Each structure stands twice: as C-alpha cells, then as structure tokens.
Amino acid sequence: MRTARATYYLVLRALRESVRQPEVELPNLLIPLFFLAVIIGAINQIAPDAFGVTNYTGFQVPVAMTQAVAGVAAVSGIVIVMDIERGYFDKLLLTPAPRVALLLSRLLADAVRSMVISAVILPIGLAIGSPLETGVAGAVVLLLLMGAFGAAYSGIGMAISLRSGNPQAAQLGVLLFFPLLFLSPAFTPIDVFEPWMRAVAEVNPVTYLLGGMRSLILEGWDAADLAYAVAAVAGLGAVTATLAMLALRFRAR
Amino acid sequence: MKERGCAIAVIEAEGLVKEYERGVRALNGIDLSVEEGEIFGFLGQNGSGKSTTIRILTTLLAPTAGGGRIAGLDIRRDAGRVRERIGVALQEAGLDDLQTGAELLLLQGRLYGMGGAQVRRRVAELLELVDLAGDAERPIRTYSGGMKRRLDLASALIHAPSIVFLDEPTTGLDPIARDTIWRYIERLNQEDRVTFFLTTQYLEEADRLAHRIAILDAGEIVAEGSPAELKAEIGTDVVTVQVAAPEDARRAAEVARGLAGVADVRVTENSAAVYVADGGAAVARIVRLLDDAAAPFTSITLAQPTLDDVFLRATGHYLQVDDAGEERAD
Ligand SMILES: Nc1ncnc2c1ncn2[C@@H]1O[C@H](COP(=O)(O)OP(=O)(O)OP(=O)(O)O)[C@@H](O)[C@H]1O
Ligand SMILES: [Mg+2]
C-alpha cells in the first residue's frame with residue numbers, strides 16, 4: 001500500500017519531467033523514424049523476391065517501435081545518474097518511502113512513455129503502408145508489449161546507473177540496444193541468416209519480440225508467436241529487474 | 001537563551017568508525033550524545049569527517065564499526081523508523097532542477113505519507129517560512145544558491161521532524177542569507193523544541209547557534225562543551241596589539257613574551273595576540289614595554305578568548321575554510 005502510494009507519486013514526477021524535456025524525447029522518436037524511412041527506401045523493392053516479405057513496411061514498423069522504446073527506456077538510467085549527482089537521490093533515500101518504489105516508479109513511467117511513443121509510431125507506419133491484420137485489438141496488444149518491453153529494458157540502464165553512478169556508463173544503456181537489434185532478424189527474416197548468426201538470433205529475446213509483433217501486423221492472431229514474445233519480454237524483465245534491485249541495494253546500503 | 005531542557009538523549013553515537021575504500025579512515029571512534037531541544041554544533045575543517053558522521057547518523061551510510069541511536073531507535077536495525085523521525089539537509093542541496101519548488105515539497109510530503117490537504121497546508125506554511133512563496137511555481141533550475149538552500153531546508157522540515165540534521169547549512173551564502181537561516185533555526189528550536197545537529201566550518205555560526213559544540217579533527221572529537229565552557233578552558237584573556245606591518249607584529253610579540261604571566265603569544269600579519277591571565281592589568285604593562293622598546297603599534301584591545309582560540313588549542317592549528325570569499329569567522 002505504502003509502496004503503491006510512493007510509486008504513484010514518483011511516477012507522476014518522472015512523467016512530469018519527461019513532458020518538460022521534449023528535447024530528450026524527440027530524438028527517441030525521430031531517429032527510429034529516420035531509420036525506418038531509409039531502410040524501407042533501400043530494401044523495399046527487393047524484399048519480396050530476395051526473402052519473400054511482401055509488405056516490408058509492415059516488417060519494419062516493429063523495428064522502429066522497439067528501437068524507439070529502447071531509447072525511451074534508456075533515459076531513466078541517465079536521469080538516475082543525474083539524481084545521484086545532484087544529491088536528489090539521497091533526498092529520496094532519506095524518506096521512509098520503500099526502496100523498491102524508487103525502482104518500480106521508473107519502470108512504470110518508462111512503460112507509459114514507451115506506450116506513448118509506440119502509439120505515435122504505429123499510425124505513422126500505417127499511414128506509409130503497413131497493414132495491421134489484427135486491427136484495433138492488435139494495436140492494443142502491440143502497445144502493451146511495448147510497455148512491457150520498455151519496463152524490461154529500462155532495468156538495464158538503471159542497474160548500470162545505480163551500480164556505477166557514472167553518467168558515461170549510463171549511456172551504455174542506449175548503446176547496448178544496437179547489438180541486440182542487429183543480432184536479431186531486424187532487416188531480413190531469420191531463414192536467410194548464416195548459421196552462426198541464426199544461432200545467436202535464436203537466443204536473442206528481441207528476435208521473439210519482433211516475431212510476435214510482426215505476426216500481429218502481417219498475419220493475424222497467432223497464439224504461439226505471441227506467447228514467445230511475451231515470454232521473451234518477461235524473461236528479459238526478470239533478469240534486468242533483478243540486476244537493478246541488486247544495484248539499488250548496493251547504492252542504498 | 002541557551003538553557004537546556006530535561007536530559008533525554010535523542011542523538012547518540014558510540015565508537016563510530018568509518019573506513020572508506022582504499023583505507024581512508026574518515027572517522028576514528030566518535031562518541032557523542034545530543035539532548036532533546038539542544039542545538040549541537042559539529043565544528044571541523046574540510047575533510048575532518050563532518051559529513052561522514054551525518055550520513056551515518058541519518059542511515060545513508062553504514063559505519064565500519066560502532067553504532068548509534070536516534071530517538072532510541074537503532075540507526076542500522078531500525079533505519080526505516082529513524083527516517084520517519086529525522087529531517088535532513090545534506091551538504092549539497094539535493095534538489096531536482098525540473099520540478100518547481102512547490103512540486104518538490106509536495107512530493108517530499110507524499111513520500112513521508114502525508115495526505116493531500118495536510119501536505120498542501122504544510123507546503124504553503126513552509127514556503128512562507130523560508131520566504132519562497134512567491135517563487136514556488138518556478139522551476140528549481142532558476143533558483144539562486146540561497147533560494148536552493150532555503151528550499152532544501154524547507155524540504156527537510158516537511159514532516160515537522162523533531163530532530164533535524166543540517167550539514168553546513170550556510171556555507172557559500174552571503175551574510176544576509178546566512179542570518180536568515182540562523183533565525184529559522186533559532187525559531188524552530190525555541191518555538192517547537194526542535195533538536196538540531198548542525199555541522200559548520202564557521203566559528204561564528206557555532207558560537208551564535210550552538211548550545212554545545214564538538215570540535216572534530218581528522219575523524220576524532222578533540223574538544224566538547226558549550227562555547228562559554230570551551231572559551232573558559234583557555235583560562236586567559238587575549239590582548240591584541242594591532243600594528244601596521246608584519247615586522248612590527250613580530251617586534252611586539254617579542255616584547256610581550258618578556259612579560260610575566262603570559263601564557264602564549266601568536267603573530268598574524270598585522271597583530272600580535274597575547275594570552276595572559278589578567279588582561280586588564282597586562283594592557284598597561286604591555287603599552288609601557290612597547291613604548292620603552294620603541295616598538296610601533298596602532299591600537300591595543302582586550303578581549304575574552306574566542307572559539308578560534310579554542311580551536312587552535314584543541315587541534316594545534318587554525319580553522320581553515322576552503323570556501324572562496326569567506327573570511328575566518330571570528
Ligand atoms: N565516498 C568517499 N570515498 C572515499 N573517501 C571519502 C568519501 N567521502 C569522504 N571521504 C573522505 O573522508 C574524509 C572525511 O570526509 P567528510 O566529507 O566527512 O569531511 P567533511 O568534514 O564533511 O569535509 P567538508 O568540510 O569538506 O565537507 C575525507 O578525507 C574524505 O576525503
Ligand atoms: Mg562535509
């Protein structure tokens with residue numbers, strides 16, 4: 001109860017800051033949209049013949065969404081480092097608010113921000129030719145998946161920030177997403193991968209997240225694909241939340 | 001003005017030792033006890049361990065050895081309940097640039113579990129107290145250093161704690177802002193019997209506010225008592241001979257050393273301080289000796305010992321303040 005109350009007010013603070021810093025949020029939107037445009041521009045023509053993807057725009061929209069969400073979720077790590085440096089984190093630690101609320105509030109705020117940015121990208125994708133086979137219900141599931149992924153991903157940045165208290169290290173949270181994305185079937189289906197790359201992609205949670213999202217967009221309801229996506233996000237979330245908890249315990253001795 | 005209430009210890013530390021990584025021993029066995037309603041001044045120069053002591057007592061930092069109690073609650077086992085009891089303003093005003101002053105205080109109140117109407121009333125009251133009512137809706141980023149300090153102080157008081165820790169509350173403030181903070185502290189102490197544990201590098205601050213002072217040097221308490229007691233321990237008066245040039249000061253010191261009953265003589269750029277038991281009688285004799293020796297001087301004053309003298313006696317050196325633009329408060 002107390003945790004819920006403290007979390008609620010801390011979420012409000014996080015969202016307030018996000019609204020007050022559009023310059024922090026805007027690149028998270030514009031960079032993925034830029035990539036979306038140039039990748040479609042370069043590959044759209046050959047996609048059907050080269051690897052059998054008939055609507056390459058629909059194939060790329062989930063990539064843009066996950067990329068945007070990873071950017072959004074990495075911000076929390078940076079905010080926490082700033083709070084630590086400014087001493088505000090100490091002020092929060094000095095209150096009787098349960099420690100876990102400090103983490104939980106950031107995860108939840110990131111989930112909300114992730115859903116908002118996804119809700120901006122998805123209609124843009126539809127406007128430039130992506131289908132959405134599962135309709136409105138599918139859109140809701142897509143946003144929920146992105147919210148969950150945002151929360152899961154933000155655990156990485158927070159673990160790094162709380163452990164290191166170092167702004168440069170906090171930036172790692174953003175950079176780490178690129179290997180995760182490039183080692184997944186982000187640009188082409190996994191069937192055309194070299195065997196070693198395929199082996200790596202098969203243990204990469206982003207592979208299953210993209211798979212689930214693409215099935216919602218390109219094919220229709222597929223319970224198995226969705227289950228894999230949910231499991232991948234949940235697994236990632238369990239690992240990052242644990243790391244973040246350990247880092248918080250280190251910081252708040 | 002500085003009377004003490006009934007003797008209930010609300011802040012206690014026993015054998016506090018803190019060793020940071022790489023073997024920095026910041027505290028080397030601190031014992032202290034602060035009574036309810038007392039203003040306790042913790043005086044020491046940069047790096048003496050003031051902040052470390054505060055961070056340990058306020059549950060932010062675990063001691064390497066030793067322990068403490070706040071309002072009878074163990075700072076390690078009962079950290080959560082200790083936090084409910086204390087208000088803390090750390091050395092760096094820990095604020096959040098993007099919130100407004102009012103938002104920061106409201107959030108702070110919420111985190112202490114205060115309800116809507118209650119917290120709003122309290123925030124309005126505190127903004128009034130620290131003269132920030134007119135700036136409450138501005139982002140903290142636009143506040144001056146003094147405003148940030150005052151807001152930080154207000155946030156430490158949000159839940160009306162009866163025990164308040166302030167780590168160098170006035171360092172870096174101009175004299176007017178300092179005086180304002182001092183008056184808040186005195187008022188809260190007198191009207192609401194708030195106990196204060198405050199660290200300072202300023203002798204003047206300790207002298208004016210503190211009922212009792214502990215002098216911290218290199219992680220150890222080297223003197224403790226009320227300002228008056230500590231000064232009395234010096235046991236002499238101070239006769240200060242003002243001179244125009246450094247060589248005159250040395251000359252005057254030489255002359256004064258010849259006088260019977262002089263305990264100590266210290267030389268500064270433009271004065272010589274003579275520590276002597278019966279200062280009143282000594283003044284006349286010093287003047288005569290200086291005249292005899294044809295040693296030039298501009299004026300001569302007689303004073304009681306100051307905390308600066310106490311500090312020198314206790315630590316073997318003057319209290320040095322790093323802070324730019326601040327004279328030695330004396
Ligand atoms: N996090 C830390 N890691 C290592 N050493 C530290 C740390 N914090 C403080 N110290 C060291 O511990 C000693 C005491 O520091 P502390 O901050 O308690 O002093 P202080 O009296 O508050 O000084 P100041 O007047 O400058 O604020 C110093 O030698 C300092 O360098
Ligand atoms: Mg300090």
Side-chain angles (χ1 to χ4, degrees), chain A residues 1-25 75-76 78-106 109 113 162-167 248-253, chain B residues 18 51 54-64 73 75-76 78-100 103-116 119 139-141 148 151-156 158-159 161 164-165 167:
Chain A
M1 184 55 219
R2 219 163 130 180
T3 307
R5 253 183 64 104
T7 303
Y8 172 72
Y9 290 108
L10 288 167
V11 166
L12 290 188
R13 177 226 163 190
L15 294 180
R16 206 154 55 210
E17 304 219 322
S18 153
V19 171
R20 284 181 192 166
Q21 286 183 297
E23 71 277 11
V24 172
E25 302 287 1
V75 169
S76 264
I78 296 164
V79 172
I80 285 198
V81 171
M82 280 163 63
D83 279 352
I84 291 172
E85 287 195 322
R86 283 187 300 220
Y88 189 60
F89 201 74
D90 279 337
K91 189 180 283 298
L92 297 177
L93 287 177
L94 281 166
T95 70
R99 299 314 199 220
V100 66
L102 297 179
L103 260 183
L104 211 55
S105 60
R106 300 246 53 125
R113 291 168 54 239
L162 287 169
R163 181 68 219 208
S164 71
N166 177 324
L248 177 68
R249 198 164 303 163
F250 165 81
R251 174 71 42 190
R253 279 172 297 185
Chain B
K18 180 65 191 179
S51 298
I54 286 218
R55 293 178 74 86
I56 290 174
L57 290 174
T58 58
T59 77
L60 280 180
L61 196 63
T64 309
L73 300 163
I75 52 172
R76 302 177 87 164
D78 258 329
R81 283 167 69 204
V82 167
R83 284 181 209 120
E84 288 171 9
R85 299 297 194 88
I86 58 175
V88 187
L90 295 173
Q91 188 165 1
E92 313 289 338
L95 301 171
D96 169 24
D97 289 354
L98 288 171
Q99 298 183 80
T100 67
E103 282 168 351
L104 182 123
L105 292 179
L106 281 170
L107 174 57
Q108 203 69 11
R110 295 294 194 179
L111 295 180
Y112 279 94
M114 295 164 76
V119 72
I140 295 166
R141 157 168 46 85
K148 285 183 180 164
L151 181 66
D152 198 36
L153 183 62
S155 93
I158 188 82
H159 55 302
V164 174
F165 290 84
D167 196 355

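Within every chain, numbering begins at 1; the chains are lettered A, B, ... in the order of the sequence lines, protein sequences first and strands thereafter. Nothing here was measured: the structure is a model prediction, and the numbers come from that model.
Remark: A/Arg99 CZ is packed, more than 12 non-hydrogen atoms of other residues, nucleotides or ligands lying under 6.0 Å away.
Residues B/Thr58 and A/Leu94 approach most closely at O-CD2, 3.4 Å, considering heavy atoms. The heavy-atom pair separating A/Pro96 from B/Gly80 by the smallest distance is CB-O, 4.1 Å.
Counting only N and O atoms by type, the side chains of A/Tyr88 and B/Gln99 include a donor and acceptor under 3.5 Å apart.
Every residue was checked against the side-chain hydrogen bond (donor to acceptor under 3.5 Å, both in side chains) condition with A/Ser164, not counting sequence neighbours, and none meets it. The side-chain hydrogen bond (donor to acceptor under 3.5 Å, both in side chains) search around A/Asp90 returns B/Arg55, not counting sequence neighbours.
In this structure, chain A has a heavy atom under 4.5 Å from the side chain of B/Leu107, while its backbone stays farther away. Contacts of A/Glu85 with chain B are absent, with no heavy-atom separation under 4.5 Å from either backbone or side chain. With a 4.5 Å cut-off on non-hydrogen atoms, A/Arg86 touches chain B through its backbone and its side chain both. For chain A, no part of B/Ala79 is nearby; none of its heavy atoms comes within less than 4.5 Å. B/Leu111 touches chain A through backbone and side chain together, each having a heavy atom under 4.5 Å away.
Chosen from B/Ile158, B/Asp97, B/Ile86, the residue pairing most often with chain A at heavy-atom distances under 4.5 Å is B/Asp97. Among the candidates A/Leu10, A/Asp83, A/Leu12, the residue making the largest number of heavy-atom pairs closer than 4.5 Å to chain B is A/Leu10. For the set B/Val88, B/Leu95, B/Leu104, the entry with the most heavy-atom pairs within less than 4.5 Å of chain A is B/Leu95.
To the nearest 0.5 Å, the span separating CD on B/Glu84 from OG1 on A/Thr95 amounts to 10.0 Å. Between the CG atom of B/Leu98 and the CZ atom of A/Arg16 there is a distance of 10.0 Å, given to the nearest 0.5 Å.
In this structure, B/Arg141 does not pair ionically with A/Glu17, as no charged nitrogen and carboxylate oxygen lie closer than 4.0 Å. Looking at B/Asp152 and A/Lys91, a side-chain N of the basic residue comes within less than 4.0 Å of a carboxylate O on the acidic one, giving a salt bridge.
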